[in-house]
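What you see is a predicted model; the values in this text were computed from it and never measured.
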Amino acid sequence: MGNMELPGLSVGEIIKALDGVCNSRVDDAGSTKPLLECVTSGVLRGAVVMIGCDGSEVRDTGEYVALMKKLIANDIVLLAIGYPVKVAQEAGLLNPEAKDMCGAGLKRVCELAQIPPVLPLGGLENIGNVVTVAQALSADSGVAVSALPVVGCDAAGVSAQAVELGNTFVGLGVDTFIGMMPCEGSLEEAAAASGLKDGAEAKHTVSCDLNELCDAIIADIEKKRDAIAI
């Protein structure tokens, strides 16, 4: 990825864009409530924060793009930071036209808010924006971060920086899904050896198969929706 500057939206820009899906009679403009209404109504099923580090090119890009496309086809919006921004950009998923790859709900949100299904948050230095969004969603909904249908994902394999970020997400109460590279021995042993640690309210799920990982992400989001009855 080198020193290429990645495109990125600020938290304020994302919230402003989401005002485009507001029902002005019930929604509060300038807050995360329009997004929450999309999620609680089922128009959006949830969100995945995709992170990745320099050097992640070891993962086949085609597998990575297939994961992203399957998620947006299931009405799951993606927030990308770091390497996934580059992958999404090269696959055309940062373009408004990518709405045609989405499920009907996410496609409608993309049309109303004039956003792509993958929202770029720039490089890894912007990881704090995810915390800001998660805390705002929790405050506006009255639902704990750990109960929101939001998960983290590093599909490109485990590096020291990815472990640090994954553990940060789990510490926030966000289930995190890791696309491990093939290894000797069990995946659980490899994950433990890498330094990945489950938290009190969230855990890591690891798989070498990104399609399998995607199914686990969707199942986790639906489980969280059922738990809070939305």
Quiz item: What are the two closest non-hydrogen atoms of Pro84 and Tyr64, and how far apart are they?
Solution: CG-OH, 3.0 Å
Quiz item: Ile51 versus Tyr83: any side-chain heavy-atom pair under 4.5 Å?
Solution: no
Quiz item: Would a 4.5 Å heavy-atom cut-off, applied to side chains only, mark Leu78 and Ile72 as touching?
Solution: yes
Quiz item: Can you tell me how far the CD atom of Glu111 sits from the CG atom of Leu106, to the nearest 0.5 Å?
Solution: 10.0 Å
Quiz item: In terms of hydrophobic clustering (I, L, V, M, F, W, Y; side-chain heavy atoms under 4.5 Å; direct or indirect links), are Val174 and Leu148 co-clustered?
Solution: yes
Quiz item: Is the count of non-hydrogen atoms from other residues, nucleotides or ligands lying under 6.0 Å from Arg225 atom CZ greater than 12?
Solution: yes
Quiz item: Does a side-chain heavy-atom distance below 4.5 Å link Asp220 with Thr205?
Solution: no
Quiz item: Got a second to check how far Met180's CE is from Ser194's OG, nearest 0.5 Å?
Solution: 5.5 Å
Quiz prompt | Leu196 vs Ile178, side-chain contact (heavy atoms from CB on, under 4.5 Å): CA-CA, chis, key distance, verdict | solution = CA-CA 10 Å; Leu196 289 170; Ile178 307 291; 4.0 Å; yes
Quiz prompt | Heavy-atom neighbours of Gln114 CD exceed 12 at 6.0 Å | solution = no
Quiz prompt | Heavy-atom check, side chain of Leu44 versus side chain of Ile76, under 4.5 Å | solution = no
Self-check item: Side-chain donor or acceptor of Asp60 paired with backbone N/O of Gly62 under 3.5 Å
Solution: yes
Solution key, residues 116-133 side-chain donor-acceptor pairs under 3.5 Å, sequence neighbours excluded:
unit_1, atom_1, unit_2, atom_2, d
Asn126, ND2, Leu121, O, 3.0
Asn126, ND2, Gly123, O, 3.4
Thr132, OG1, Gly128, O, 3.2

Quiz item: At what distance, to the nearest 0.5 angstrom, does CG of Leu210 lie from SG of Cys153?
Solution: 7.5 Å
Quiz prompt | Side-chain heavy-atom pair Glu201, Val145 within 4.5 angstrom cut-off | solution = no
Quiz item: Between Val170 and Val206, is there a shared hydrophobic cluster once you connect ILVMFWY residues whose side-chain heavy atoms come closer than 4.5 Å?
Solution: no
Quiz item: Does any non-hydrogen side-chain atom of Val77 lie less than 4.5 Å from one of Val109?
Solution: no
Exercise. Over all heavy atoms of both residues, which pair between Lys197 and His204 is shortest? Give the atoms and the distance, please.
Key: O-CE1, 3.0 Å
Quiz item: Does the pair Asp209 and Glu63 meet the rule for a side-chain contact (heavy atoms from CB on, under 4.5 Å), with working shown?
Solution: CA-CA 9 Å; Asp209 182 332; Glu63 291 181 276; over 6 Å; no
Self-check item: CG-SG distance between Asn74 and Cys102, expressed to the nearest 0.5 angstrom
Solution: 10.5 Å
Quiz item: Quick one: OG1 on Thr176 to CD1 on Ile217, what's the gap to the nearest 0.5 Å?
Solution: 10.0 Å
Quiz item: Is there a side-chain contact between Arg45 and Val39 (heavy atoms, below 4.5 Å)?
Solution: no
Quiz prompt | Ion pair check, Asp100 and Lys107, cut-off under 4.0 Å | solution = yes
Quiz item: Is it true that a side-chain atom of Asp140 and a backbone atom of Thr32 form a donor plus acceptor pair closer than 3.5 Å?
Solution: yes
Quiz prompt | Closest approach of Pro149 to Ile228 (non-hydrogen atoms, all atoms of both residues) | solution = CD-CD1, 4.3 Å
Self-check item: Non-hydrogen atoms of Glu13 and Gly8 that approach each other most closely
Solution: OE1-O, 4.1 Å
Quiz item: Using 4.0 Å as the upper bound for N to carboxylate O, is an ion pair formed by Lys70 and Asp215?
Solution: yes
Exercise. Would you give the length of the straight line joining atom CG of Asp75 to atom CD1 of Ile221, rounded to the nearest 0.5 angstrom?
Key: 11.0 Å
Quiz item: Heavy-atom distance under 4.5 Å between the side chains of Leu36 and Leu137, does that happen here?
Solution: yes
Quiz prompt | Residue that, paired with Asp175, satisfies salt bridge (Lys or Arg N to Asp or Glu O under 4.0 Å) out of Lys203, Lys223, Lys224 | solution = Lys224
Quiz item: Do you know the tightest heavy-atom contact between Leu213 and Gly179?
Solution: CD2-N, 3.7 Å
